[in-house]
Number of protein chains: 2
Amino acid sequence: MDRTTARDQALALAREQALDAAEELFYGRGVQSVGMDDIRGASGVSLKRLYQLFPAKDRLVEAYLERRDLRWRGRLAEHVDRHEQPEERILAVFEWLGLWFAEPGFRGCAWINAYGELGPTSPGVTDRVTAHKEAFRDYLDGLVSDAGLPSVLTGRLFLLAEGAMVTAGITRSAEPAGQAADAARVLLAAGRRDAAGGARPGGQG
Amino acid sequence: MDRTTARDQALALAREQALDAAEELFYGRGVQSVGMDDIRGASGVSLKRLYQLFPAKDRLVEAYLERRDLRWRGRLAEHVDRHEQPEERILAVFEWLGLWFAEPGFRGCAWINAYGELGPTSPGVTDRVTAHKEAFRDYLDGLVSDAGLPSVLTGRLFLLAEGAMVTAGITRSAEPAGQAADAARVLLAAGRRDAAGGARPGGQG
DNA sequence: TTGACGTGAGAACGGTCGTTCTCTAGGTTA
DNA sequence: TAACCTAGAGAACGACCGTTCTCACGTCAA
């Protein structure tokens, strides 16, 4: 049991190293322009082990998207959780987008990029992209309903966030986050008025 | 002169046929998964002529993006021009997005997809993408300023439109256009209040 | 010590694809 | 009719890359 545990740990370590390299290379240069040999060179994990861990490149790509999804949403939630006021928590999403956009090496949304690159040919990738976007939208929806705001706001805020990600990626600028935050404030104010004025919050969006 | 004209016309026709095939295939299946031989098969233009018209695949891709840009913006402007009221013209943009999203074969924004697929490796593609997005934003900006609204609205509406395109592409649904239109109405109303309340329209955004 | 096993380095294989080349046919002019 | 230009069909070339195979080495059990 002790021995197999050591071996398992070695495999788990190699897996993390492979995914670290995959994330950096796939995100930075696109999936198709990165070869398995590049992954090997960057990770130090031999080709043999690589194929032992991920039977084909597709699997590595999917694992990359899945691990990044967990990390991305974790970092977002961590930032949002620094705020207590429900509406501030919504705005914190856009604040965090701004921080993310300003990071060195930012190249847009990994899932939007992956969808553009592989969507037409890879159902596995498409599934991960839709799952990620759905999870992000659900998270936003929770923030909106926690704030007692009408859930019709969720879709609007989601579009602002998506637009900001795309635009920040293409223009290599963090500015869209601020514009989206401004727009979000306006939409929140209007939603607040609606909620007070008659429509019941939490209704169908 | 008569003979060279006939030849030129044949070349121009082949060029259009090649671009027709390229547009359908590149947009529908992505650029990298479409070979030059696929273009030949779909267009009926021989490989020899193809390379005579476009010295490399890159050039064909760039020409595809350029021609599509002209057509896309032309169709948008055509729809907007059916409206006279300045604010209706702005909303007509989102209305048209909804029509576009609902077209059979819609697969999202060709430029966002191309950026995701080729952005990291092809400066030529990146240039066309940024040029297209800039042109679209400029067009929106003109509509906003024609309506006497503060130009800070342009960026916000632009983000809504981009978010709608991405989301419609990924979810294969036209719904985001309606959500974006709703949000745009709220933002327009707020902008109108700002313009009336003190801020000078056409100011820096 | 020995033998089976797992591993890493890297060669090798097979398929794809961008690009060029060959070969043949047709059409035009002297 | 002969020379010449052009074009099309498709073979061929060369590079790339995902995947597998070879081979030599080190490790561990008996």
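Letters go in sequence order (proteins before strands), and every chain restarts at 1.
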Rounded off to whole Å, could you give me the [atom1]-to-[atom2] distance for the [X] and [N] pair?
{"X": "A:L50", "N": "C:dA9", "atom1": "CG", "atom2": "P", "answer": "12 Å"}
{"X": "A:R59", "N": "D:dT19", "atom1": "CZ", "atom2": "C1'", "answer": "14 Å"}
{"X": "A:L53", "N": "C:dG6", "atom1": "CG", "atom2": "P", "answer": "15 Å"}
{"X": "B:R40", "N": "C:dG18", "atom1": "CZ", "atom2": "P", "answer": "13 Å"}
{"X": "A:D37", "N": "D:dG18", "atom1": "CG", "atom2": "C1'", "answer": "10 Å"}
{"X": "B:D58", "N": "C:dT19", "atom1": "CG", "atom2": "P", "answer": "7 Å"}
{"X": "B:Q32", "N": "D:dC17", "atom1": "CD", "atom2": "P", "answer": "11 Å"}
{"X": "B:Y51", "N": "D:dA7", "atom1": "OH", "atom2": "P", "answer": "17 Å"}

Given C:dG8, C:dT19, D:dA9, the nucleotide with the shortest approach to the side chain of A:S46: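 When the side chain of A:S46 is considered, C:dG8 is the closest of C:dG8, C:dT19, D:dA9.
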Exceeds 12 heavy-atom contacts within 6.0 angstrom, atom CD of B:E103: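 Counting other residues, nucleotides and ligands, CD of B:E103 exceeds 12 neighbours.
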Contact nearer the 5' end of DNA chain D, comparing A:D38 with A:K48: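 So the residue in question is A:D38.
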Toward the 5' end of DNA chain D, by each residue's nearest nucleotide, B:G44 or A:V31: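 Here B:G44 is the residue nearer the 5' end.
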Sugar-phosphate, base or nothing in reach of B:K57, heavy atoms under 4.0 Å: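 Sugar-phosphate only.
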Touch class at under 4.0 angstrom, heavy-atom based, for A:V34 against every strand present: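 Contact class for A:V34: sugar-phosphate only.
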Residue from A:F94, A:W96, A:F106 passing ring pair (Phe, Tyr, Trp, His ring centres under 6.0 Å) with A:F101: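 Testing A:F101 for a ring pair (Phe, Tyr, Trp, His ring centres under 6.0 Å) against A:F94, A:W96, A:F106 leaves exactly one candidate, A:F106.
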Stepwise salt bridge (Lys or Arg N to Asp or Glu O under 4.0 Å) test for B:D141 and B:R137: CA-CA 6 Å; B:D141 195 53; B:R137 182 199 288 268; over 6 Å; no
Cation-aromatic face contact A:R68/A:Y27, 6.0 Å, 45 degrees: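 Yes, a cation-pi geometry.
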A:Q52 side-chain N/O to C:dG6 phosphate OP1/OP2 under 4.0 Å: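 No.
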Exam field: side chain B:D127 to backbone B:G124, donor-acceptor pair closer than 3.5 Å: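 Judged by distance alone, no pair lies under 3.5 Å.
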